Amino acid sequence: MRVSPLLVAALLSACDSMPSVPQDHPSPQPFEPVQVRAEVDVAPAPGFADQTGGGIFATADGGVVRLRLDGTRAALESHPGNTVTPGPARAVYRMGPGSALVEADNGLFLAQSGWLIAPPWREVLSTGLAATATTPDGAVWLGHASGLYRLQDGALSALKVNGQALEGITALASAPAEDGAQGLWFLRQETLSVAVRTAPGTWQMRQITQLPLLQEGERVVGLAGLGASEKAKGELWALTSERLLRRAGDGWREVALARKPEQVLAAGRFVWVKADGKLLTHDAEAGTWGEVSGVDTRELRFLAADESGCAWVQLGADTVALSRGPVPRVLGLLEGTQVVEDSLVVRARVVPGVAPLSFTYEVAGVEVPVRGPSYSLGGTEADGTPKPYSFVGLEPGPHTLTAVARYADGTEARRSVSFDYQPLTTVALGWDKDIRPVHEARCAKCHTTGPARPLSTYALWKDNAELIIAAVKDQRMPADGPLDPQLISLIQRWAATGANP
């Protein structure tokens, strides 16, 4: 990976002659959250929250647990193809929309589809992971004690400047740089910096300008990134030792809270903030703030958050998922997905408990009422099988799909998913010239003579196309890391245009 030698760290210092930073003044509205308690003892360590419900966490006794939407335990076992068994777990970090990275005493393991998998690149990194982030190009970034690493297409590479590793990184966040380019922000030795993608495989360290100047003794201590949507671009949020700052399209602003912020966590378009014993949440899409009531948050610790607006926290000895309402979970369409098919099976899962009185999807100004229990956007066959929904009428570009559950007491719960619709081109794709190279580079080692399903021929790929697409879209496969988004789209287009040989 080529890296520009330019690295200009941002120097944050007090300067009375500079103009003050514009301020936002939130007015949080109190709400009583929906609470789901985990049925196992979870360790006070970072975890992974799945936007389709549940998550993966380290347990108090050193194990790893996969939780369902209702807090019950789901299957998670060491893969039979592993040459090493995972040791006691220390923490869990996000890899992709549906996969996590488990740091155990004996190294790193991927948690996907109910399996703990030993990736081939785990020998490169020992323990010492501090943070992860995923950029829109599909790369997974690992902030490790030994440096900054980029995982893409199953290959792990170190980002260095003048041959020197970027050691000491404590936080990572994916958000646009100041010129709008794709950026990876990181906190290193209490200094805020950004790496900017200038070309495929090329990242450059750029000078950070127009930063709000910190007061004497004030330090940046945490980062969080908001994803892009149909309405707005992504944002960077920076927690300092004194206040909360955000950088959106109009530059840096201070979020002037009534209480001093202590922790910040973000996923999708939602931000959670602990401020002097109070727990606040911000919906960036709606532009609203809420304050949790009826919950003792004095002994609160963030574990993970997901794109639906749910936060997993520890409240004393309990591990609890907190949501602003009984938010439905959307299946088949993940936040930020690029959709190339003309049709897609999209379903929803409602929070266990009282069923909604009605359920409606909204997309491109069209309301589509559906019925349970599958809540399928395209309806269902006579035998209950969900049918695909056609996106042919959509204009290419960013869109939002909203699932709305309405209840008998007059309340409603919404889940909005942003996606990019890029319909198929007329270019014919073939397995031999377009798909076989992907198979040989990323799939053959497990799906030819390995423990996984055989996929060594055109006929096997064609027969299993739906399963393959689901696995790569959810970033459950390949086992050594997610595919580049362009390769995922290539497989989707090949299948959708006839799965030609």
Side-chain angles (χ1 to χ4, degrees), residues 1-12 46 91 93-96 99-101 103 107-108 110 119-209 211 220-225 227 234 236 238 247 441-442 475 478 480-487:
M1 177 171 54
R2 295 179 290 115
V3 180
S4 167
L6 176 62
L7 173 59
V8 184
L11 177 62
L12 307 180
Y93 298 88
R94 174 183 293 270
M95 277 282 287
S99 59
L101 190 61
E103 182 178 67
L108 303 176
L110 293 175
W121 43 263
R122 68 183 299 274
E123 301 297 333
V124 178
L125 293 179
S126 60
T127 56
L129 200 59
T132 63
T134 303
T135 44
D137 62 348
V140 178
W141 296 84
L142 311 178
H144 192 268
S146 62
L148 179 60
Y149 296 85
R150 172 174 167 263
L151 176 64
Q152 192 161 30
D153 293 338
L156 188 71
S157 55
L159 185 70
K160 297 182 179 181
V161 176
N162 294 328
Q164 298 298 311
L166 298 175
E167 300 177 348
I169 290 176
T170 55
L172 295 174
S174 174
E178 293 180 326
D179 61 356
Q182 185 180 135
L184 177 76
W185 297 78
F186 57 94
L187 191 59
R188 177 175 179 250
Q189 298 170 355
E190 298 186 357
T191 298
L192 184 62
S193 302
V194 62
V196 179
R197 185 175 184 260
T198 57
T202 302
W203 290 76
Q204 182 188 66
M205 302 301 174
R206 287 187 180 175
Q207 181 178 9
I208 303 172
T209 60
L211 278 172
V220 179
V221 296
L223 300 176
L236 175 73
R247 191 196 177 284
R442 300 301 309 282
Q475 297 193 10
D480 58 358
L483 285 178
D484 185 275
Q486 289 80 6
L487 294 182

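None of the values given here were measured: they were computed from a predicted structure.
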*Could you list the residues that satisfy side-chain contact (heavy atoms from CB on, under 4.5 Å) with Ala100, not counting sequence neighbours?*
Phe48, Ile56, Val92, Ala111
*Between atom CG of Leu236 and atom CG of Leu223, what is the distance when rounded to the nearest 0.5 Å?*
6.0 Å
*For Ala165 and Ser146, work out which heavy atoms get closest and say how close.*
CB-O, 3.5 Å
_Between CG on residue Leu142 and CZ on residue Arg150, distance to nearest 0.5 Å_ = 11.5 Å
*Specify the closest pair of heavy atoms between Thr127 and Gly107, including all atoms of both residues, with the distance to one decimal.*
CG2-N, 4.2 Å
*Tell me, with the steps shown, if Leu156 and Leu125 meet side chain to side chain contact (heavy atoms under 4.5 Å, CB included).*
CA-CA 10 Å; Leu156 188 71; Leu125 293 179; 4.0 Å; yes
*Between CD1 of Ile169 and CZ of Phe186, what distance do you get to the nearest 0.5 Å?*
5.5 Å
*Measure the spacing between CH2 of Trp185 and CG of Leu192 and express it to the nearest 0.5 Å.*
6.0 Å
_Thr170 vs Arg188, side chain to side chain contact (heavy atoms under 4.5 Å, CB included): CA-CA, chis, key distance, verdict_ = CA-CA 6 Å; Thr170 55; Arg188 177 175 179 250; over 6 Å; no
_Side-chain (His144) to main-chain (Glu167) donor-acceptor, under 3.5 angstrom_ = no
*Quick one: salt bridge (charged side-chain N to carboxylate O under 4.0 Å, His left out) partners of Arg94, sequence neighbours excluded?*
Glu307
_Applying side-chain contact (heavy atoms from CB on, under 4.5 Å), can you list everything that pairs with Thr135, at least two apart in sequence or on another chain?_
Asp137, Ala139, Trp141, Ser174, Gln182, Leu184, Trp203
